[in-house]
Amino acid sequence: MSADPGIVIIGASLTGAKAAQALRLDHGYDGPITLVGDEPHLPYQRPALSKGYLLGTTAPGDLDVLEPQFYADQDITLALGAPATALDLDARRVRLAGGTEFAFTQVLIATGSRPRRLQLPGADLDGVCYLRNRDDSEHLATALRAATDVVIIGAGWLGSELAAASRTLGNHTTVIDPLPTPLYHVLGDQIGGLFAGRHRDHGVNLLLGDGVEAILGTHSVDAVQTITGQTIPADLVIVGVGAVPNTELAQAAGLRVDGGIRTDEHLRTSHAAALAAGDVARHQHPGYLNPVRIEHWDNAVIHGTAAAATLVGKPTTIDHVPYFFSTQHGSTLEYVGLPTTWDRIITRGEHGTPGFTAFWLDRGIPVAALTIDNWGAADHLRTLITAAHPADPRQLADPDIPLPDLLPNARSRTS
Ligand SMILES: Cc1cc2nc3c(=O)[nH]c(=O)nc-3n(C[C@H](O)[C@H](O)[C@H](O)COP(=O)(O)OP(=O)(O)OC[C@H]3O[C@@H](n4cnc5c(N)ncnc54)[C@H](O)[C@@H]3O)c2cc1C
């Protein structure tokens with residue numbers, strides 16, 4: 001038996017499983033690996049929880065991050081169903097609820113995030129739900145089928161997907177958000193407005209520029225009262241008002257926490273024995289002035305893999321442009337970028353038709369792009385944004401110019 005206590009990964013989800021996989025398969029790390037998770041399930045992927053899994057079109061097995069036998073085959077110890085409750089970084093030990101302890105040489109914290117809770121009168125009534133994990137999705141799948149009037153609070157990515165799922169199941173569906181359009185912070189007025197139209201075309205009652213005053217009911221929810229005084233009947237309320245990182249364990253262990261566990265460019269935290277990655281990490285990304293915390297599937301995969309490299313002493317540069325995908329009302333949209341500002345938006349194609357693409361520009365440089373039903377395009381868009389070169393607006397708008405021809409090296413070849 002090895003004297004090295006090895007690596008403990010706290011958080012048995014996408015980031016954690018990807019890190020374990022990369023340690024064994026990419027780096028040939030042969031020390032002990034322990035994957036600690038508070039959920040009872042093998043590591044699974046969350047995107048389908050608000051889409052196919054909710055609607056019954058994605059099978060449970062399709063959620064698996066890795067084949068179930070991978071862990072045994074690769075001698076990875078799974079400690080599932082109990083949270084890590086205490087982390088002593090100097091002693092290099094972690095304790096789980098129930099008292100089990102593991103020693104480690106290095107620890108990777110990949111504890112993800114959880115839904116932000118509503119603090120409003122009526123927020124604790126039966127029928128007020130959140131969605132983060134597999135059990136939530138299974139509960140909602142049943143509740144959505146039993147419901148008639150569904151109110152979704154929040155028109156972000158999750159609220160938008162849930163509205164689409166609720167309409168697919170035939171429910172009267174209202175979405176309430178104080179901002180002027182769905183996904184306003186990400187897409188802005190113009191493109192957010194197109195998404196508002198798409199929701200309305202699919203029968204969603206969008207109440208924008210309004211907020212929730214209270215949720216009404218005795219034991220279970222009956223209605224939602226808005227700030228402008230509307231009363232919307234509801235037998236199910238789903239809250240999608242953002243997520244907060246699960247930083248408590250790290251904070252109690254003395255790590256620097258500030259809007260996420262702060263890490264350097266290689267995911268190292270303020271203690272030499274600890275890394276953090278995925279949704280919980282606020283990473284010093286070389287492409288951005290301020291450290292960023294990104295809640296995207298793609299980021300979890302990249303972070304998990306990169307954390308493994310740092311753990312074996314071969315740190316890589318993590319400079320990916322963030323990428324997010326979503327499915328709403330039968331269309332798949334992909335978004336690349338994380339801009340804080342832009343001064344112009346260029347579109348190509350007709351919104352609502354496959355291949356529609358929008359580019360956000362800052363002083364002539366594409367800083368973000370969105371494309372719809374256009375699989376394969378995101379890689380080109382990512383290259384375009386990464387290049388950070390000025391682009392010709394007429395070429396961006398012209399659907400006859402293939403996306404690869406917009407890339408800077410293509411332009412210099414033809415100019
Ligand atoms: C419903 C839903 C739909 C989504 N859809 C998309 C999408 O379409 N596209 C996209 O790009 N992204 C999507 N995402 C985001 C994406 O799933 C996340 O970015 C990704 O799951 C992050 O992975 P993670 O492993 O870092 O964190 P998580 O997936 O949050 O996993 C962290 C794990 O750690 C566990 N944990 C927390 N504290 C402890 C503790 N003390 N001890 C042990 N375990 C602990 C948690 O319970 C959890 O199992 C979606 C997320 C949700 C919730």
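When a ligand or atom number is given, it counts from 1 through the structure's own listing order.
- Taking all heavy atoms of N246, I9, D279 into account, the minimum distance to atom 22 (C) of ligand 1 is reached by D279.
- Heavy-atom neighbours of Q69 CD from other residues, nucleotides or ligands within 6.0 Å: above the threshold of 12.
- Between D264 and R268, at least one side-chain N (NZ, or NE/NH1/NH2) sits under 4.0 Å from a carboxylate O, which counts as a salt bridge.
- For D124, there are no side chain to side chain contact (heavy atoms under 4.5 Å, CB included) partners at least two apart in sequence or on another chain.
- The environment of CZ in R95 is sparse: at most 12 heavy-atom neighbours from other residues, nucleotides or ligands sit within 6.0 Å.
- Below 4.0 Å from some heavy atom of G278 lie the following atoms of ligand 1, by number and element: 26 (O).
- Of the inter-residue distances, the one linking L267 atom CG with T15 atom OG1 reads 9.5 Å to the nearest 0.5 angstrom.
- Polar contact with ligand 1: present for H296 (N/O pair, distance under 3.5 Å).
- A side-chain donor from one of T105 and D4 sits under 3.5 Å from a side-chain acceptor of the other.
- Ligand 1 places these atoms under 4.0 Å from at least one heavy atom of E161: 8 (O).
- For atom 39 (C) of ligand 1, the closest heavy atom belonging to the protein is T111 CG2, 3.6 Å.
- Heavy atoms of K51 found under 4.0 angstrom from ligand 1 belong exclusively to the side chain.
- In terms of polar-atom proximity, defined here as any N/O pair under 3.5 Å, A84 does make such a contact with ligand 1.
- Among the candidates D373, N374, I372, the single residue satisfying the side chain to side chain contact (heavy atoms under 4.5 Å, CB included) test with F356 is I372.
- Considering backbone and side-chain N/O atoms, D298 never comes within less than 3.5 Å of an N/O atom of ligand 1.
- Not a single N or O atom of S326, backbone or side chain, sits closer than 3.5 Å to an N or O atom of ligand 1.
- Of the charged side-chain nitrogens involved, none lies within less than 4.0 Å of a carboxylate oxygen, so that K314 and D26 do not count as a salt-bridged pair.
- Considering every non-hydrogen atom in both Q45 and V65, the closest pair reads CG-CG2, 3.9 Å.
- Note: F195 and H329 fail the aromatic proximity criterion, with ring centroids not under 6.0 Å apart.
- With ligand atoms numbered from 1 in the order given, ligand 1 contributes 22 (C), 23 (O) to contacts under 4.0 Å with heavy atoms of A300.
- Scanning the protein for heavy atoms near atom 24 (P) of ligand 1, the closest one is T15 OG1, 3.3 Å.
- Contacts with ligand 1 closer than 4.0 Å are made by backbone heavy atoms (N, CA, C, O) of A110 only, the side chain lying farther away.
- By the criterion of a heavy-atom distance under 4.0 Å, the backbone of S113, and not its side chain, is placed next to ligand 1.
- The heavy atom nearest to atom 10 (C) of ligand 1, out of those in Y335, F324, Y44, Y130, is found in F324.
- Neither the backbone nor the side chain of L96 has a heavy atom within less than 4.0 Å of ligand 1.
- Within the 4.0 Å heavy-atom shell around ligand 1 one does not find H303.
- The nearest protein atom to atom 3 (C) of ligand 1, hydrogens excluded, is given as S50 OG, 3.4 Å; this is a heavy-atom distance.
- Using a 30° and 60° split on the angle between ring planes, F325 and Y323 fall in the tilted class, from 30° to 60°.
- Applying the 4.0 Å criterion to heavy atoms of I10 picks out, from ligand 1, the atoms 42 (N), 43 (C).
- A donor-acceptor pair shorter than 3.5 Å cannot be found between the side chains of D126 and H219.
- Of the protein's heavy atoms, D38 OD1, 3.3 Å lies nearest to atom 35 (C) of ligand 1.
- Under a 4.0 Å criterion applied to the non-hydrogen atoms of G37, ligand 1 contributes the atoms 43 (C), 44 (N).
- Looking at N299 against ligand 1, nothing comes within 4.0 Å, counting heavy atoms.
- Annotation: atom 30 (O) of ligand 1 to nearest protein heavy atom, R132 NH2, 2.7 Å.
- Heavy atoms of R114 come nearer than 4.0 angstrom to ligand 1 in no pair at all.
- Nearest to atom 15 (C) of ligand 1 among the protein's heavy atoms is E295 O, 3.7 Å.
- The heavy-atom pair separating A155 from S160 by the smallest distance is O-OG, 3.6 Å.
- The shortest N or O to N or O distance between F325 and ligand 1 is under 3.5 Å.
- Checked by distance only, ligand 1 and E39 come closer than 3.5 Å through their nitrogen or oxygen atoms.
- Inspection of the R198 and S331 side chains reveals an N or O donor paired with an N or O acceptor under 3.5 Å.
- Atoms of ligand 1 lying under 4.0 Å from any heavy atom of L131, numbered from 1 in the order shown and given with element: 1 (C).
- Within ligand 1, the atoms closer than 4.0 Å to a non-hydrogen atom of G112 are 27 (O), 28 (P), 30 (O), 32 (C), numbered from 1 in the order shown.
- In this structure, atom 29 (O) of ligand 1 lies nearest to the protein heavy atom R46 NE, 2.6 Å.
- Residue L158 approaches ligand 1 through these ligand atoms, each under 4.0 Å from one of its heavy atoms: 1 (C).
- Protein heavy atom in closest approach to atom 33 (C) of ligand 1: S13 CB, 3.7 Å.
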**Request:** Would you check, one step at a time, whether the test side chain to side chain contact (heavy atoms under 4.5 Å, CB included) holds for F359 with I345?
**Result:** CA-CA 6 Å; F359 302 90; I345 296 175; over 6 Å; no
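- A salt bridge is absent between R46 and D279; no separation between the charged side-chain nitrogens and carboxylate oxygens falls under 4.0 Å.
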**Prompt:** Please walk me through it: do R348 and I401 pass side chain to side chain contact (heavy atoms under 4.5 Å, CB included)?
**Reply:** CA-CA 10 Å; R348 64 159 55 193; I401 299 181; 4.2 Å; yes
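- Checked by distance only, ligand 1 and Y323 stay at 3.5 Å or farther apart across all their nitrogen or oxygen atoms.
- The ring-ring contact (aromatic ring centres under 6.0 Å, His included) test with F324 is passed by exactly one of W157, Y335, W297: W157.
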